[in-house]
Amino acid sequence: QMPDIRCNHMAKLIIVSNRLPVKLQEHEGRLDFKPSEGGLATGLGSVYKKKNNLWIGWPGMVVEDESQQQQIVDNLNGQNMHPVFLSEKEIKEFYEGFSNETLWPTFHYFSQYAIYEQQLWETYVEVNQKYCDELVKVAEPDDTIWVHDYQLLLLPSMLREKLPESTIGFFQHIPFPSYEVFRLLPWRKELLEGMLGSDLIGFHTYDDMRHFLSSVNRLVGHGSTHGWINTGNRSLLVDSFPMGIDYEKYEQTAESEEVKKREKIYRNNLHSKKIVLSIDRLDYSKGIPQRLQAFELFLERYPEFHEKVTLVMLVVPSRDAVDKYKELKEEVDELVGRINGNYSHMNWNPIQYFYRSYPLETLSAFYRMADVALVTPMRDGMNLVCKEYVASKLDQTGVLILSEMAGASKELSEALLINPNDINQMVETLHTALTMPEEIQKQHMQHMQESLRRYNIHHWVSMFMDRLSYVKIKQLSMATT
Ligand code: G6P
C-alpha cells in the first residue's frame with residue numbers, strides 16, 4: 001500500500017504577492033538578486049524564511065529562456081521562494097496597465113488619472129488565474145494561503161473554486177476608497193466578488209474597512225455584522241490590522257558602528273546645522289511636489305534658515321514605464337532645479353536630491369542624522385518610512401511631520417500631523433519642528449517608540465494569523481448549528 005505522503009508534511013504558510021521580496025537584475029552580464037522596494041516587501045521579509053513557508057511572486061524581470069527560468073526556479077526554491085514569470089505583454093497590461101493605471105490611481109483617490117480599458121482588465125483576469133494555477137501546484141489542503149494587495153484581488157475566489165476547503169487570507173496594503181470613488185470602476189462588482197473568496201480580509205485602518213463593507217453592501221448586496229459577511233453559502237470576516245515594522249532590525253542597524261561612521265561622514269559633508277529628510281518611491285500619491293513647494297515657501301518666509309537647513313530628499317525610482325510617473329519625474333527634477341537655482345550658495349544647496357535606491361545602512365544613517373522627517377503623502381495605505389524613522393532615533397531627538405492621509409497617522413498621534421494640501425500649514429509646522437525644544441521632541445519620540453516596538457511586524461503577523469484560525473473555527477461551528 002502506498003504511504004500517504006500528505007501525513008508527513010508540515011502545514012505551511014504560502015505568501016502570494018505580485019512581486020517577490022527580491023528582484024532580478026542584470027549586472028555585468030550576470031543575473032543577481034536585489035531587495036525589492038515598497039512597504040510590502042520590506043515588511044514581510046522576516047516571515048517567509050521560517051520553516052517550510054513559501055513566497056510566490058514575480059521576480060521583477062522578463063525571462064523568456066526556459067533553461068534560464070529553470071535556473072531561477074532552482075535558485076529561489078532554495079530560499080523559500082517560487083517565481084511566477086510574466087511576459088512582456090502581461091507586464092504592460094496587467095502590471096503597468098490595470099494594476100497601476102486603473103486600480104492604483106482609483107484606490108488613492110486620483111481617479112482622474114485612471115484609465116478604463118477592457119483589454120487591460122482581461123489580462124488582469126488572466127494573470128490572476130496564472131497565479132492561481134501556480135499555487136494549486138504547490139499548495140496542500142491544510143496550508144494557509146495569504147494573498148497580498150491590489151494586483152491580486154481576484155485570486156481569493158479563483159483559489160476558493162479550486163481548493164474549496166483551504167484557508168485563505170487577503171490583506172490590502174493600499175487604501176480602500178469610499179464607495180463613491182470605488183463605484184467608478186467598470187469591473188467593481190467582479191473585483192469585490194474576487195476578494196470575497198477569502199476567509200479573512202484585512203486592511204490597515206478602520207476607515208478602509210468601513211469603505212470596503214459599504215461597497216460590498218451597495219454593489220453586491222451583502223450586509224455585515226461586526227465585520228462578518230454572509231455570502232449565502234459561507235461566512236467571512238473583515239477587520240483592520242495596522243502593519244508594523246521589524247522594529248529590532250531598524251534599531252540594531254542604527255546602533256551599528258558602520259552606520260554611525262556613515263552618519264558622521266554625511267554630516268561633515270553637509271555643513272548645515274539642521275537636516276530635514278524625505279524618502280519615498282517616486283509616486284504621485286506621495287505628495288513630493290507639494291512638499292517641495294512647502295520647503296520653497298519656508299525658505300522664502302524664514303531667511304534666517306538659509307545655509308542652516310538642508311532638505312535631504314531621496315526618491316526611489318518606481319514604475320518608470322508608466323506615463324504619470326515619467327511626468328512626475330520631470331516635475332520633481334524641475335522643482336528641485338528651480339529651488340536650488342534660486343537659493344544655493346557656493347557652500348550650501350538647500351536640497352540634496354538623490355534619485356536612486358540605497359541599502360538599509362545608508363537609509364539608517366539618513367534617519368539618524370535627520371532632525372525632521374517630512375512624510376507628507378496625499379494618500380497612503382500605511383507608510384512605513386515614518387515608522388522606520390522613529391525606530392532609528394536612538395537618542396530620541398527628532399521630529400516627525402506626518403500627513404493625516406497616511407494610515408500611520410491613526411497610530412502616531414504624537415507626530416505633528418498636517419494636511420498635505422495645506423502648504424501654509426506645512427511651512428509653519430516645519431518651522432515648529434525645527435525650533436522644538438529637545439525635551440518635547442524626546443517626549444513625543446518616546447511614546448511613538450514604545451508603541452511601535454510593541455506593535456511590530458511580528459505582532460501584526462500573529463494578529464492576522466490568529467484571527468484567520470478563529471474564522472475557520474467559527475465557520476465550522478456556524479455550519480453545524
Ligand atoms: C506599494 C504596494 C506594493 C508594491 C510596492 C512597490 O508598497 O503596496 O504592492 O509592491 O508599492 O511597487 P512596485 O510596483 O514596484 O511593486
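Whatever order the structure lists them in is the order used to number ligands and atoms, beginning at 1. Predicted model only: the values in this text are computed from it and were never measured.
Here His148 has no heavy atoms under 4.0 Å from ligand 1, in either its backbone or its side chain. Residue contacts with ligand 1 for Asn18 are absent, since no atom lies close enough (heavy atoms, distance under 4.0 Å).
Under a cut-off of 6.0 angstrom, the local environment of NZ in Lys89 is crowded, with over 12 non-hydrogen atoms contributed by other residues, nucleotides or ligands. Other residues, nucleotides and ligands contribute at most 12 non-hydrogen atoms within 6.0 Å of the CD atom of Glu66.
Every atom of ligand 1 with a heavy atom of Arg19 under 4.0 Å away is listed here by number and element: 13 (P), 15 (O), 16 (O). Of all atoms in ligand 1, listed by their number and element, those nearer than 4.0 Å to a heavy atom of Tyr95 are 13 (P), 14 (O), 15 (O).
Sorted by first and then second residue, the salt bridge (Lys or Arg N to Asp or Glu O under 4.0 Å) pairs with a member in residues 46-61 form an empty list; sequence neighbours excluded.
Distances from atom 3 (C) of ligand 1 to the heavy atoms of Ile174, Asp283, Asp149, Val316 put Asp149 nearest. Heavy-atom proximity to atom 12 (O) of ligand 1, evaluated over Arg319, Met382, Arg281, is greatest for Arg319. Distances from atom 10 (O) of ligand 1 to the heavy atoms of Gln172, His173, Gln151 put Gln151 nearest.
Listed by chain and number, the residues in a ring-ring contact (aromatic ring centres under 6.0 Å, His included) with His148 are Trp146, His173 (sequence neighbours excluded).
Between Arg379 and Asp283 no salt bridge is recorded (no basic side-chain N to carboxylate O distance below 4.0 Å). Taking 4.0 Å as the cut-off between side-chain N and carboxylate O, Asp320 and Lys326 do not count as a salt-bridged pair.
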